> 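Okay, handing you the structure first.
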Amino acid sequence: MLSKKMIRDIKNHKSQFLSIFLMAFLGVFVFAGIGGEYTGFEQSVNDYYDATNLADGWIYSSHLDNSTVDKVDNLSATTASERQLVINSVGDFDNDPDVTLHFVENNDISKFYLVEGKDVDIDDEDGVWLDKRFADAKHLNVGDNISFSVNGLTINKEIKGLGYSPENVYTPSDTSIITDFNKTGYAYLSYKAFPAQIQYNVLLVDFNGNPNDYVADLDSVIGGNYSSFVKQADHQSVSQFNEELDQHKMMGDIFPVVFILIAVLTLLTTMARIINHQRTQIGVLKAVGFKDRTIMLHYISYGFWLVLAGSILGLILGPLTIPKLFLESMQAVYTLPGWNVGYSISFVIVAALMVGVSLIASYWATRSISKENPANSIRPKSPKVAVSGLLEKSKIWKKFSFNARWNYRDAKRNRTRSLMTIVGVAGCTALLVSAFGMYDGMNDLRDWEYEDINHYSSKLIVDNDASISQINSITDEVKGTQLMEGRIEFDVNDHRDSGSLLVLNKSSLVTPTDNHRNPTEIPDDGVSISMKMADNLGVEKGDTIKWHIVGNDKWVSTKVSSIHADPISQGLIMTPDYFEDLGLNYTPTSIVTSQNVTSDYNGIKAVNTLDTAVSNWNEISESMLSMVSILIFFAALLAVIVLYNLGLLSFTEIEREIATLKVIGFETNNLRKLLLTQNLWFTSMGFVLGIPFGYLLMKSMTDSAGPSFQFPITLSPGNLMLSFIITFSLSIVVNLMFSGKIRKLNMVESLKGVE
């Protein structure tokens with residue numbers, strides 16, 4: 001009988017129960033969906049690293065002799081190493097693609113991951129194992145021949161296998177932040193395939209323990225006999241992918257948590273109101289002999305089954321749908337042999353918490369009425385006695401309209417429901433503000449980099465073999481400015497970090513900026529360090545820092561003369577004159593010009609436009625923007641559910657009052673205006689409270705972007721206005737949904753007491 005009653009109650013109150021189901025579903029759906037995306041991708045890359053034994057560190061040196069290798073191997077019993085010669089070459093194709101060649105000794109550390117063909121054979125002098133994405137772009141297959149040019153030498157080999165390298169999940173490019181696999185690739189060969197006396201320049205190390213402790217031991221053993229050490233976490237491919245996942249993880253953790261909190265709070269209110277609305281039925285059940293325990297279990301089952309069904313459905317559909325929305329954009333930028341969806345016990349824990357809270361909420365709401373005897377519980381609950389407060393006793397109270405006075409007293413009598421409406425709106429506003437803020441931040445970051453800092457039209461990438469006279473001649477012809485860009489390693493207070501180097505003359509084509517995106521001057525007698533890098537290293541203006549160019553053994557110490565801000569490149573900027581005063585060789589790597597260059601020049605390997613750079617940035621940020629768009633949609637959907645559910649509860653509570661007002665002559669439009677006024681009050685308060693929380697959410701997400709990016713954090717008028725329009729539009733639309741209920745309200749049934 002009680003089961004039939006439960007089904008009938010759910011049918012009669014389908015809107016309220018549907019909202020409970022949907023909130024439970026949405027909370028778990030988004031949490032498990034986004035969690036399944038980053039958990040699966042993280043597991044995929046970790047499995048890939050394990051299968052290929054990705055190096056724990058890379059030692060770069062121009063003289064890796066046997067003595068140095070022996071010292072490294074003897075650092076500890078768990079240390080293993082493998083030498084490689086890593087050099088750049090040019091593939092024998094019409095577009096002269098850059099192909100990085102790895103001549104390996106053993107292929108035991110950072111192993112080549114085979115997809116087609118046969119495994120790497122160290123004794124094979126004639127074979128080459130090629131990057132599969134490069135091979136696909138060039139329509140190459142196993143068995144084809146390929147040629148590379150290296151320092152005047154031509155290397156002809158047969159493709160013995162196609163696959164991937166764990167060091168190239170993200171393949172860096174000198175010409176673009178998005179890799180064009182038609183222009184960039186890599187290949188693995190046996191050390192016996194090198195056509196001359198081989199001189200290794202990279203030592204891959206595999207060790208246990210803390211990387212910082214390992215560096216300290218390394219310095220004590222081999223001293224300055226190496227140019228740089230890169231630990232796994234700082235490797236460009238590893239760090240780029242990890243930073244991407246960290247951003248997804250932060251958004252995946254924060255947003256669904258807010259969803260779930262709002263759902264839980266609304267669930268508490270909903271169950272309490274439903275049970276209070278049925279107190280007469282509870283009294284009848286008690287009068288005919290049902291025990292308190294049976295009645296409590298009956299009402300507890302309402303929320304239990306609905307939340308359980310919503311949570312299970314969210315657990316199933318979330319990981320099956322949401323990760324697919326990010327897969328295409330991630331595959332365009334990163335390379336993995338497989339992309340899997342992940343599952344975590346945390347998904348089940350969150351779903352279990354949702355179910356547990358529904359049980360607690362239902363129990364708490366039923367507990368109070370179970371203590372009443374049947375005679376009292378069969379009667380409707382006595383209305384709360386209104387007590388006049390200071391505002392109602394003041395002279396200004398009489399100046400308020402009936403609409404304002406009625407809504408004030410109604411909110412005062414129903415504080416819990418009023419508070420829940422405000423909290424629900426605040427949570428939805430926070431989600432919208434932070435999501436739109438992230439969207440604006442991504443666009444602002446792009447505009448900062450490609451409008452405020454870079455003003456060139458074309459960027460000519462200088463070939464490694466180009467002479468200074470060639471570079472100067474091309475610079476004069478295109479009326480451009482020379483830049484030297486590279487990677488550097490810092491050593492500040494026993495803390496090592498890697499960053500970027502930019503050496504440039506004062507020019508209107510590239511203008512460094514401060515934190516407010518205003519142009520700033522580069523000092524002539526020192527270096528300027530980016531704000532994000534200064535924070536990472538703990539340095540300030542006037543401090544002295546030690547650094548060196550990656551691949552160059554010479555360390556230099558310089559004074560920090562100024563601090564600039566850059567959204568993408570974190571490192572140092574200085575003038576060519578100061579760079580050479582440090583005893584370093586100024587070698588331009590690119591030329592920027594305001595001209596739209598279409599001609600080919602000897603000594604220039606690629607020409608990129610600023611429009612292409614912007615397009616590449618849009619592509620690399622596509623997955624992040626997709627996630628923001630998804631969360632905006634669900635935030636708006638959650639706002640509809642919350643406002644409708646609480647509005648429905650509000651209407652149920654004041655149904656008697658509405659009927660009374662209709663009896664004494666209030667028209668439907670006046671009553672609708674009465675409810676709309678209260679709805680707008682609560683929406684306004686919730687919106688105002690949600691703005692600072694939205695800012696905090698946005699700051700938490702931008703802080704997780706990693707050390708490479710400095711996101712602008714702003715609450716733009718457009719952001720606030722769009723969030724305002726969505727929130728208040730939804731509030732008004734939801735209010736209009738109740739117009740029909742007011743019009744169809746049965747006044748006799750609403751006003752009659754217990755018969």
Side-chain angles (χ1 to χ4, degrees), residues 51-74 79-93 96-135 138 140-168 171 184-206 225-227 230 464-465 551:
T52 55
N53 191 26
L54 178 66
D56 294 315
W58 291 260
I59 300 173
Y60 294 90
S61 176
S62 57
H63 42 77
L64 280 173
D65 53 27
N66 292 331
S67 175
T68 302
V69 175
D70 290 340
K71 291 178 180 178
V72 172
D73 289 341
N74 292 329
T79 299
S81 67
E82 179 182 323
R83 290 182 297 185
Q84 287 187 6
L85 171 61
V86 182
I87 54 176
N88 295 323
S89 72
V90 177
D92 186 17
F93 297 92
D96 295 332
D98 294 325
V99 182
T100 303
L101 303 181
H102 297 251
F103 292 91
V104 300
E105 268 191 318
N106 301 309
N107 193 41
D108 290 331
I109 303 177
S110 293
K111 294 184 291 186
F112 184 81
Y113 186 92
L114 187 70
V115 176
E116 297 179 27
K118 66 176 186 177
D119 290 328
V120 174
D121 185 355
I122 299 302
D123 295 323
D124 190 340
E125 300 180 11
D126 302 317
V128 61
W129 286 259
L130 197 61
D131 169 17
K132 188 177 187 305
R133 298 191 76 165
F134 176 76
K138 294 297 184 183
L140 297 172
N141 298 299
V142 174
D144 293 344
N145 292 321
I146 187 171
S147 297
F148 311 98
S149 298
V150 182
N151 298 329
L153 298 174
T154 300
I155 301 176
N156 298 302
K157 299 296 177 185
E158 179 186 347
I159 300 175
K160 297 294 182 70
L162 303 177
Y164 307 117
S165 165
E167 298 179 8
N168 288 274
T171 306
T184 302
Y186 54 86
Y188 279 65
L189 306 92
S190 167
Y191 71 98
K192 296 179 180 180
F194 192 67
Q197 180 66 35
I198 192 166
Q199 179 64 55
Y200 299 103
N201 56 7
V202 182
L203 184 64
L204 286 67
V205 290
D206 185 8
N225 291 331
Y226 71 100
S227 59
V230 176
N464 295 332
D465 299 330

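Position 1 is the first residue of the sequence, and the numbers go up from there. The structure presented is a predicted model; accordingly, all values stated were derived computationally and were not measured. The figures here come from the full heavy-atom set of this structure, side chains too, leaving out hydrogens, waters and symmetry mates.
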> Please report the C-alpha distance between Tyr186 and Leu101 in whole Å, then the side-chain angles of each, then the deciding distance to 0.1 Å, and finally whether the side chain to side chain contact (heavy atoms under 4.5 Å, CB included) criterion is met.
CA-CA 6 Å; Tyr186 54 86; Leu101 303 181; over 6 Å; no
> With Asn156, which residues qualify under side-chain contact (heavy atoms from CB on, under 4.5 Å), at least two apart?
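For Asn156 the side-chain contact (heavy atoms from CB on, under 4.5 Å) partners, ignoring immediate neighbours, are Ser147, Thr154.
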> So how far is it from Lys71 NZ to Asp65 CG, rounded to the nearest 0.5 Å?
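Going from NZ on Lys71 over to CG on Asp65, the span is 8.0 Å.
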> Looking at side-chain heavy atoms only, is the closest gap between Tyr164 and Thr52 below 4.5 Å?
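With C-beta onward as the side chain, the pair stays apart.
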> Is a side-chain donor or acceptor of Ser61 paired with a backbone partner of Asn201 at a separation under 3.5 angstrom?
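No; judged by distance alone, with no hydrogens or angles, the pair does not exist.
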> First locate atom CZ of Phe148, then atom CG of Asp92, and finally report the distance between them rounded to the nearest 0.5 Å.
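The CZ atom of Phe148 sits 10.0 Å away from the CG atom of Asp92.
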> Taking Leu140 as the fixed residue, which of Leu130, Asp131, Leu162, Asn145 is the one that meets the side-chain contact (heavy atoms from CB on, under 4.5 Å) rule?
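Of all the options given, the one that passes is Leu130.
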> Taking all non-hydrogen atoms of both residues into account, name the closest pair between Tyr188 and Ser110 and its distance.
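Looking at all heavy atoms of both residues, the shortest contact is OH-O, 4.0 Å.
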> Does atom OH of Tyr113 have more than 12 heavy-atom neighbours, drawn from other residues, nucleotides or ligands, at distances under 6.0 Å?
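For Tyr113, atom OH is not crowded (no more than 12 foreign heavy atoms under 6.0 Å).
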> So Val90 and Val99, side chain to side chain contact (heavy atoms under 4.5 Å, CB included) or not? Walk me through it.
CA-CA 6 Å; Val90 177; Val99 182; over 6 Å; no
> Using the rule side-chain contact (heavy atoms from CB on, under 4.5 Å), only one of Ile159, Asp121, Asp119, Leu189 pairs with Trp129; which is it?
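Going through Ile159, Asp121, Asp119, Leu189 one by one, the side-chain contact (heavy atoms from CB on, under 4.5 Å) with Trp129 is satisfied by Asp121 alone.
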> Between Asp206 and Ala55 (side chain of the first, backbone of the second, donor and acceptor by atom type, cut-off under 3.5 Å), is there such a pair?
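No, the answer is negative, given that no donor and acceptor are paired below the 3.5 Å cut-off.
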> For the residue pair Tyr191 and Phe103, is the inter-centroid distance of their aromatic rings smaller than 6.0 Å?
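No, ring centres 6.0 Å or more apart.
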> Can you list everything that forms a side-chain contact (heavy atoms from CB on, under 4.5 Å) with Asn107? Sequence neighbours excluded, please.
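Val104, Lys111, Phe112, Val120, Ile122.
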> What distance separates Ser89 OG from Asp98 CG, expressed to the nearest 0.5 Å?
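Between Ser89 OG and Asp98 CG, I get 8.0 Å after rounding to 0.5 Å.
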> Are any of the side-chain heavy atoms of Lys138 and Pro97 separated by less than 4.5 Å?
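Answer yes - side chains close enough.
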> Using the salt bridge (charged side-chain N to carboxylate O under 4.0 Å, His left out) rule, pick out the option among Lys157, Lys160, Lys192 that qualifies with Asp124.
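Exactly one pass, corresponding to Lys160.
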> Verify side chain to side chain contact (heavy atoms under 4.5 Å, CB included) between Leu203 and Val69, making sure each step is shown before the conclusion.
CA-CA 8 Å; Leu203 184 64; Val69 175; 4.2 Å; yes
> Please name the pair of heavy atoms, one in Gln199 and one in Leu85, separated by the smallest distance, quoted to 0.1 Å.
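Heavy atoms of Gln199 and Leu85 come nearest at O-CD1, 3.1 Å.
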> Side-chain contact test, heavy atoms from C-beta onward, threshold under 4.5 Å: evaluate it for Val202 versus Ile59 and give yes or no.
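No, side chains not in contact.
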> Quick one about Asp70 and Ser67 (side-chain donor to acceptor, distance below 3.5 Å, no hydrogens or angles considered), yes or no?
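Looking only at side-chain atoms, Asp70 and Ser67 do not form any donor-acceptor pair under 3.5 Å.
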> Look up atom OH in Tyr200 and atom OG1 in Thr68, then write down how far apart they are to the nearest 0.5 Å.
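Between Tyr200 OH and Thr68 OG1, I get 14.0 Å after rounding to 0.5 Å.
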> Return the minimal non-hydrogen interatomic distance between Leu114 and Gly161, and the atom names on each side.
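Smallest heavy-atom distance, with atoms named: CD1-CA, 4.0 Å.
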> Indicate yes or no for a side-chain donor-acceptor contact from Glu82 to the backbone of Asp108 under 3.5 Å, with no hydrogens or angles considered.
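Yes.
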> Would you give the length of the straight line joining atom CZ of Arg83 to atom CD1 of Ile109, rounded to the nearest 0.5 angstrom?
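That separation rounds to 12.5 Å.
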> Can you measure from CD (Gln84) to CD (Glu167) and round to the nearest 0.5 angstrom?
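Answer for the CD-CD pair, Gln84 versus Glu167, is 6.0 Å.
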> Output, in order, the C-alpha distance, side-chain angles, deciding distance and verdict of side chain to side chain contact (heavy atoms under 4.5 Å, CB included) for Val142 and Asp144.
CA-CA 6 Å; Val142 174; Asp144 293 344; over 6 Å; no
> I would like to know whether Asp73 and Ser81 meet side chain to side chain donor-acceptor pair (under 3.5 Å); could you show each step before the answer?
CA-CA 7 Å; Asp73 289 341; Ser81 67; 2.5 Å; yes
